[in-house]
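I have placed the structure first, in the form of structure tokens, so that the comments after it can refer back to it.
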Amino acid sequence: MKSEIAVIAPDKELLSLVKEVEKEIDEPITVVNGYLDQGIDVAKELIEQGVKVLVSRGGTTNKLRQAKIPLPIIDIPITEYDIIKLLDQARTISKRIAVIGFDSLIKGAEDIAPILNVTVEKFLVSSGDEVREKVQLAKRKGVDVIVGAKLATDYAKSLGLHGILLKSQKPAVLAALNEAAKVLQVLRREREWGEQLKTILDSIHEGIIFVDKYGKVIHLNNMAGRVIDIKNKDAVGRSIHYFINDKTIIGAIQKGEKWIGEVRDFDNIKYVCGLNPIAVDDKLIGSIISFQELSHLQTIEYKVRRKLNPKGHVAKYCFNDIIRESYRIEQLIMTAKQYAEVDSTVLIIGESGTGKEMFAQSLHNASTRRGEPFVAINCAALPENLLESELFGYVEGAFTGAKKGGKIGLFELAHGGTLFLDEIGEISAAVQARLLRVLEERQVMRLGDDKIIPVDVRIFCATNKDLQLLIKKGKFREDLFYRINILKLEIPPLRERKEDIPILVQFFSKYFSGYFQKKQPVFTPEAMSLLIDYKWPGNIRELKNVIERLIITTKDNEVSYVKVIDVLDKPMDSGDPFQELNIINWSKSVKSPPLLEQEELKLIMKVMKETSGNKAETARRLGISKSTLWRKLKKISK
């Protein structure tokens with residue numbers, strides 16, 4: 001068996017003693033001779049041979065530690081019993097005794113000498129080079145006997161003095177070897193744990209990089225090495241910035257930021273990244289960077305979803321997907337997160353296009369039912385008889401055209417999960433009555449059947465109608481209203497949260513630019529101002545459609561005020577979304593009325609002021625040619 005413990009003995013006596021007691025240790029032991037500086041070279045050779053723990057004594061131990069030998073070093077202690085034996089032997093030769101050695105020997109002699117009633121000259125050395133000098137000094141002081149290690153006693157004898165060699169006793173050597181064996185066991189357990197951890201990390205299909213708080217690599221797994229094309233040994237100690245071209249990552253690591261599902265671009269490949277800070281006693285010591293190729297993750301997610309939910313009843317949105325800047329939406333999300341913690345029915349109220357289903361899906365994904373189906377149905381999209389069969393299911397022969405073998409209803413399909421009833425204000429009185437019964441009893445009965453089926457379903461309802469007004473008109477059941485109106489979310493229209501419009505514009509602009517593989521255009525201040533001031537009767541859905549049109553039709557990478565006017569939806573009723581805007585339709589071929597000319601002039605002068613009279617820049621911002629600008633200025637000035 002290969003020896004992982006080695007003893008560097010400074011003299012032959014210790015070497016012999018170790019060989020004598022090593023059979024009492026369960027571990028094989030290598031014993032070599034080495035004294036002071038010589039021991040350092042011996043230690044380096046032993047490391048190359050696979051030794052994991054070193055044992056030595058006195059000055060040699062100190063030398064090994066000073067040389068920062070990268071192994072645990074166990075010192076064979078000089079015991080009081082050892083020193084008593086040495087001094088007792090020395091006083092039988094002469095009362096003029098000197099002890100020359102390192103601090104442990106000197107301190108021990110200082111304590112024991114009074115007990116033995118002897119006077120001892122003490123000479124502390126910190127290196128082997130000082131030993132000869134101290135022996136000569138002891139001789140000049142009239143000392144007859146030198147007690148110390150091999151170098152001191154050998155030189156003393158060469159000067160005609162008596163030398164008594166420092167010797168370790170069997171119990172001290174045995175204790176040191178046992179301690180070395182325990183240390184070795186700990187190191188083996190650490191190696192085993194490290195190998196297990198490495199195997200686990202290398203088996204993960206995700207890049208994992210450990211960095212310190214300054215962003216220097218401590219370790220990376222095989223997947224990370226393949227992605228950044230480097231081996232672990234070559235990456236350790238280097239800044240993560242050399243491997244990941246993301247200027248924000250170092251700052252995020254130093255701040256202890258946490259990322260979840262961040263999409264980052266490394267060498268033109270998109271990765272989903274995570275950043276988790278590591279803290280010990282609330283002190284940041286580093287971070288773990290994880291990343292996985294987005295396309296691979298999407299493939300896995302698709303397979304898992306298909307397997308778990310073969311019918312595709314999955315909520316894909318979370319609260320983080322809701323693009324917002326406004327305080328109202330932030331507060332609404334905080335309320336919704338509270339609702340997600342319970343299992344009560346939620347009524348979501350909002351105009352068409354405000355994102356009611358997005359909130360419903362986010363609620364589901366934040367709830368304890370997140371791993372279960374999310375089933376959605378638009379109640380306004382189906383006639384009464386079809387809606388009833390979809391919701392509650394039917395048995396074979398329940399009605400003309402019923403599918404052979406019957407059909408499972410959406411309540412059963414959503415069992416364990418969530419059923420989202422969109423546009424609930426549109427359902428008929430008959431379906432309302434049956435829905436109320438299911439909500440109260442948590443049981444369904446398929447059409448044409450007499451068997452009761454228990455269901456565990458959480459209900460989310462949404463409407464853009466005033467249900468209380470429908471109750472007054474006799475079109476909606478009051479008892480059903482109170483059953484579904486337990487928790488309520490009212491989503492404000494886009495015109496009441498205008499601070500969200502710029503960030504939504506940028507989001508949709510980036511999305512459609514990527515989708516149509518076009519360069520993302522810049523919106524002029526006038527264009528953005530118009531988008532913010534517009535009433536958006538169709539809310540976010542309308543805004544999304546308008547941005548898609550702009551991306552498709554914009555060719556010069558800039559969206560102007562006029563371009564926005566061209567693509568905005570024209571009013572379809574008396575609620576004119578344009579009435580509050582200073583809109584100039586440059587495309588009109590007929591002469592503008594005086595009032596519109598005044599508004600036109602105001603806009604032109606406003607932009608000219610902003611551009612310090614630069615007509616070319618003014619024309620560019622307005623989306624017209626310089627000749628058109630000159631013509632309009634000339635026409636208005638007449």
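Here, residue 1 is the first one in the sequence, and each next residue gets the next number. Fair warning: this is a prediction, and the values are worked out from it, not measured in the lab.
Counting all heavy atoms, side chain and backbone alike, Leu275 lies closest to Ser287 at CD1-CB, 3.8 Å. Among all heavy-atom pairs drawn from Pro502 and Lys498, the shortest one is CD-O, 3.4 Å. The two residues Leu550 and Val559 have their closest heavy-atom pair at CD2-CG1, 3.9 Å. Across all non-hydrogen atoms, the minimal contact from Val342 to Arg458 is O-NH1, 2.9 Å. Across all non-hydrogen atoms, the minimal contact from Arg541 to Ser352 is NH1-OG, 2.9 Å. Shortest non-hydrogen contact noted between Pro277 and Gly256 is CG-O, 3.4 Å.
For the pairing with Phe460, the side-chain contact (heavy atoms from CB on, under 4.5 Å) check across Thr345, Leu363, Leu347, Leu487 returns one residue only, Leu363.
The backbone N or O of Lys283 lies less than 3.5 Å from no partner atom in the side chain of Asp281, so there is not a single donor-acceptor pair. Within the 3.5 Å criterion, the main-chain N or O of Ile348 finds no donor-acceptor partner in the side chain of Lys356. Asp422 places no side-chain N or O within 3.5 Å of a backbone atom of Ala376 that could act as its donor or acceptor partner. Of the possible polar contacts, none joining the Arg497 side chain to the Ile329 backbone as a donor-acceptor pair under 3.5 Å is found. A donor-acceptor pair under 3.5 Å is absent between the side-chain atoms of Asp566 and the main chain of Lys563, judged by distance alone. Within the 3.5 Å criterion, the main-chain N or O of Pro525 finds no donor-acceptor partner in the side chain of Ser529.
Taking the side-chain hydrogen bond (donor to acceptor under 3.5 Å, both in side chains) definition, one finds that Asn539 meets it with Glu351, sequence neighbours left out. Applying the salt bridge (Lys or Arg N to Asp or Glu O under 4.0 Å) criterion to Asp479, with sequence neighbours excluded, gives Arg477. Residues satisfying the ring-ring contact (aromatic ring centres under 6.0 Å, His included) test with Phe359, not counting sequence neighbours, are none. With sequence neighbours excluded, no residue forms a ring-ring contact (aromatic ring centres under 6.0 Å, His included) with Phe420. With sequence neighbours excluded, no residue forms a salt bridge (Lys or Arg N to Asp or Glu O under 4.0 Å) with Glu499. Every side-chain hydrogen bond (donor to acceptor under 3.5 Å, both in side chains) that Glu426 has, sequence neighbours left out, goes to Lys465. When the side-chain hydrogen bond (donor to acceptor under 3.5 Å, both in side chains) test is applied to Thr618, the partners found at least two apart in sequence or on another chain are Thr611. Partners of Gln432 by side-chain hydrogen bond (donor to acceptor under 3.5 Å, both in side chains), not counting sequence neighbours: none found.
Within 6.0 Å of atom CD in Glu384, more than 12 heavy atoms from other residues, nucleotides or ligands are found, so the atom counts as buried in its surroundings. A 6.0 Å sphere centred on CZ of Phe516 holds more than 12 heavy atoms belonging to other residues, nucleotides or ligands.
The shortest distance between side-chain heavy atoms of Leu382 and Ile377 falls below 4.5 Å. Between Ile424 and Phe481, the closest side-chain pair of non-hydrogen atoms is not below 4.5 Å. Residues Leu421 and Leu391 have side chains in contact (heavy-atom distance under 4.5 Å, counting atoms from C-beta outward). In this structure, the side chains of Phe291 and Ile209 come closer than 4.5 Å at one or more pairs of heavy atoms. Using a 4.5 Å heavy-atom cutoff, the side chains of Gln506 and Met528 are in contact. Within the 4.5 Å cutoff, side-chain heavy atoms of Ile349 are placed close to those of Thr463. Looking only at side-chain heavy atoms (C-beta outward), Leu530 and Phe523 stay at 4.5 Å or farther from each other. In this structure, the side chains of Ile289 and Cys273 stay at 4.5 Å or more apart for every pair of heavy atoms.
Between the CG atom of Leu284 and the CD atom of Glu257 there is a distance of 11.0 Å, given to the nearest 0.5 Å. Rounding to the nearest 0.5 Å gives a distance of 12.0 Å between CD1 of Ile459 and OG of Ser344. One finds the CD1 atom of Ile253 at 11.5 Å from the CD1 atom of Ile288 (value rounded to the nearest 0.5 Å). Residue Gln520 holds its CD atom at 11.5 Å from OG1 of Thr554, rounded to the nearest 0.5 Å. Expressed to the nearest 0.5 Å, how far CZ of Arg549 lies from CD1 of Ile551 amounts to 13.0 Å. Residue Leu467 holds its CG atom at 12.0 Å from CD of Glu478, rounded to the nearest 0.5 Å.
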Does the pair Tyr534 and Val546 meet the rule for a side-chain contact (heavy atoms from CB on, under 4.5 Å), with working shown? CA-CA 12 Å; Tyr534 184 67; Val546 167; 5.9 Å; no
Show your working on side-chain hydrogen bond (donor to acceptor under 3.5 Å, both in side chains) between Ser326 and Asp500 and close with a plain yes or no. CA-CA 6 Å; Ser326 67; Asp500 287 336; 2.8 Å; yes
Passes side-chain contact (heavy atoms from CB on, under 4.5 Å), Thr354 versus Asn464? Steps please. CA-CA 10 Å; Thr354 52; Asn464 59 5; over 6 Å; no
Go through the steps for Asn276 and Lys258 under the test side-chain contact (heavy atoms from CB on, under 4.5 Å), then give the verdict. CA-CA 5 Å; Asn276 282 285; Lys258 184 172 184 176; 3.0 Å; yes
Please determine whether side-chain contact (heavy atoms from CB on, under 4.5 Å) holds for the pair Trp536 and Glu542, giving the CA-CA distance in whole Å, both sets of side-chain angles, and the decisive distance to 0.1 Å. CA-CA 7 Å; Trp536 299 112; Glu542 182 185 8; 3.7 Å; yes
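Applying the side chain to side chain donor-acceptor pair (under 3.5 Å) test to residues at least two apart or on different chains, the pairs with a partner in residues 410-419 are His364-Thr418, Glu412-Arg446. For residues 314-350, no pair satisfies ring pair (Phe, Tyr, Trp, His ring centres under 6.0 Å), with sequence neighbours left out. Within the structure, salt bridge (charged side-chain N to carboxylate O under 4.0 Å, His left out) contacts touching residues 357-370 (residues at least two apart or in different chains) are Asp343-Arg369, Arg369-Asp456. Listed by first and then second residue, the salt bridge (charged side-chain N to carboxylate O under 4.0 Å, His left out) pairs that reach into residues 509-528 are Glu526-Arg621, sequence neighbours excluded.
Using a 30° and 60° split on the angle between ring planes, Phe507 and Tyr511 fall in the parallel class, below 30°.
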